[in-house]
Amino acid sequence: MSRARSATTFPSGKIKILLFENIHESASAIFANHECTVETVSGALPEKELVERIKGVHIVGIRSKTQITKRVLEAADYLLAVGCFCIGTNQVDLNAANRMGIPVFNAPFSNTRSVAELIMSEIVMLARRLGDCVRELHTNLWNKSSTGCHEIRGKVLGVVGYGHIGSQVGVLAEMFGMRVIFHDITKRLPMSNSREVESLDQLLAESDFVTFHVPATPETNGMMQAEHIAKMKKGSYLLNASRGSVINLEALAEALKSGHLAGAAIDVYPKEPRGNGPGFESPLVGLKNVVLTPHIGGSTEEAQENIGVEVATACMGFINKGTTVGSVNFPQVEMPLKPGAHRILNAHRNVPGVMAEILKILSSHDANIHAQNLATDEHIGYLVTDLDQSVSDDVKMAIAALPTSIKTRILY
Ligand code: NAI
């Protein structure tokens, strides 16, 4: 039988995909394009049903409600990858998946534009006191006034955390004629005319609007306390759509009541309700010129569509090329495909002597290696080897038989 084939791909026609929780159809379209069989389930299943349903499935796609526990992973006899079509991944037992050689992908950046656009709209809302106007008119109160209302053109926007979202906010703000300064703990390239300042204090002292786009870390936990808010300009505005742990909301409420700050827009809270319905509480409720939104910064249909594309593409990249870059629980490898070679993907326990055994196998088969890439973490190693087509099947079987091998796959 001739094993020499021109392209290096997995037989995706045989791949079975199971998608839960109404994942956007942009994902199914990508999987279908690769001729995978796609099944969908509208909600999440309890563990007992999931362990049955996941049998024979190669890729499972979930959002935040489906729990991929160790038991589910153990029942998943053919599972190659998990796609979390959302940002968070704590609904998956990441350690168990790692030990079983199953990478987990998510979409951390697909909704960044949505957040940036929300912030821009809120800057205008705060400057024009739109929240109060809308509320008053809905209670039949006509209150036309220009007092305390401003253009944002020429005003200084201070961006704290100049990453994916912060830098986009900066670019959009400049289009409105704002002057943008930023502070980040990592050296960041300024976009268009924005300017990096030396410290958070300097940013707080210079800005008319301060917006936070930092991750949740021990350093950002409570980084805006009363003493920091006091360093902001009188009559300035504070916005946070990053994480609820960043700003002390009691201190913010005091600064708004005293008139030190002219307004605030908050999308994230230290404690957020588990589901939709009444019962939201915050010291900011009822205060003037305060825009409160229920953590909807990244919640747009466009973001859902982008998430579908990003995660499905990552899963197919792993299926067809073995690429694990972007996975949250796996050693990261990305290697361009070599025409004329076959690719062996091997996840193994990270113990001494594994590579020596694998190299022994390659050498005993006289296999000519076209390219090889190994990445490891504390528990597993992930080795991608491109080699001669003539010996690839035998080499794959020998590597798979090693007691240290967890998962071994070949791409033709
Ligand atoms: P990113 O990782 O691209 O950027 C974060 C930036 O903050 C990085 O440049 C980092 O160096 C910087 N940073 C970290 N610690 C800092 C500190 N102590 N001081 C100053 N800068 C610091 O993250 P991305 O995608 O821009 O997201 C930012 C935040 O927005 C995250 O917390 C994320 O969870 C949140 N988010 C909120 C959404 C919502 O619905 N409201 C939706 C999406 C993201």
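Just so you know, ligand 1 is whichever comes first in the structure, and atom 1 is the first atom listed for that ligand.
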So for ligand 1, is [X] a polar contact partner (N or O within less than 3.5 Å, distance only)?
X: V268; value: no
X: H164; value: yes
X: R188; value: yes

Near [X], which atoms of ligand 1 are under 4.0 Å from a heavy atom of that residue?
X: T186; value: 11 (O)
X: D267; value: 39 (C), 40 (O), 41 (N)
X: H295; value: 39 (C), 40 (O), 41 (N)
X: R243; value: 32 (O), 34 (O)
X: F109; value: 25 (O)

Between [X] and ligand 1, which part of the residue brings a heavy atom under 4.0 Å of the ligand: side chain, backbone, both or neither?
X: V214; value: both
X: I185; value: both
X: D184; value: both
X: L200; value: neither

Could you tell me whether R53 and E39 make a salt bridge, using a distance below 4.0 angstrom between a side-chain N and a carboxylate O?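 A salt bridge links R53 with E39.
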
Flag the pair [X] / [Y] as yes when at least one side-chain heavy-atom distance between them is below 4.5 Å, and no otherwise.
X: Y237; Y: H150; result: yes
X: S194; Y: Y162; result: yes
X: K257; Y: L287; result: yes

Quick one: which of S110, G298, A241 has a heavy atom closest to atom 36 (N) of ligand 1?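 Looking at heavy atoms only, A241 sits closest to atom 36 (N) of ligand 1.
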
Among P215, A216, G163, which one has a heavy atom closest to atom 7 (O) of ligand 1?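 Shortest heavy-atom distance from atom 7 (O) of ligand 1: P215.
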
Right, does atom 40 (O) of ligand 1 have protein non-hydrogen atoms nearer than 4.0 Å?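 Yes, there is one.
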
Is at least one protein non-hydrogen atom found at under 4.0 angstrom from atom 2 (O) of ligand 1?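 No, there is no protein heavy atom closer to it than 4.0 Å.
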
Option from R179, K233, R195 for which salt bridge (charged side-chain N to carboxylate O under 4.0 Å, His left out) with E206 holds: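 The option that passes is R195.
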
Closest non-hydrogen protein atom to [atom], residue and atom name please, with distance?
atom: atom 30 (O) of ligand 1; value: I165 CD1, 3.6 Å
atom: atom 43 (C) of ligand 1; value: N111 OD1, 3.5 Å
atom: atom 42 (C) of ligand 1; value: V115 CG2, 3.4 Å
atom: atom 18 (N) of ligand 1; value: T220 CG2, 3.5 Å
atom: atom 35 (C) of ligand 1; value: S242 O, 3.6 Å
atom: atom 28 (C) of ligand 1; value: H213 O, 3.4 Å

Ring geometry between H164 and F109 (parallel below 30°, tilted from 30 to 60°, perpendicular above 60°):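 Parallel, since the angle between the ring planes stays under 30°.
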
For the backbone of [Y] and the side chain of [X], can you confirm whether one donor and one acceptor N or O come within less than 3.5 Å of each other?
X: S121; Y: L118; result: yes
X: R128; Y: C133; result: no
X: H58; Y: K16; result: yes
X: T211; Y: V159; result: no

If we check side-chain contact (heavy atoms from CB on, under 4.5 Å) with Q372, which of these qualifies: I344, V384, T385, L387?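 The side-chain contact (heavy atoms from CB on, under 4.5 Å) with Q372 is passed solely by T385 among I344, V384, T385, L387.
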
Would you check whether T217 reaches within less than 4.0 Å of ligand 1, judged by its heavy atoms?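 Judged by the 4.0 Å heavy-atom criterion, T217 does not count as contacting ligand 1.
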
Assess the side chains of E272 and H295: does a donor N or O sit below 3.5 Å from an acceptor N or O?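 There is such a pair (donor and acceptor under 3.5 Å, judged by atom type) between the side chains of E272 and H295.
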
Do S26 and E305 get their side chains close enough for a donor-acceptor pair, meaning under 3.5 Å?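 There is no such pair between these side chains.
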
CZ (F280) with more than 12 external heavy atoms under 6.0 Å: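 Enclosed: over 12 neighbouring heavy atoms sit under 6.0 Å from CZ of F280.
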
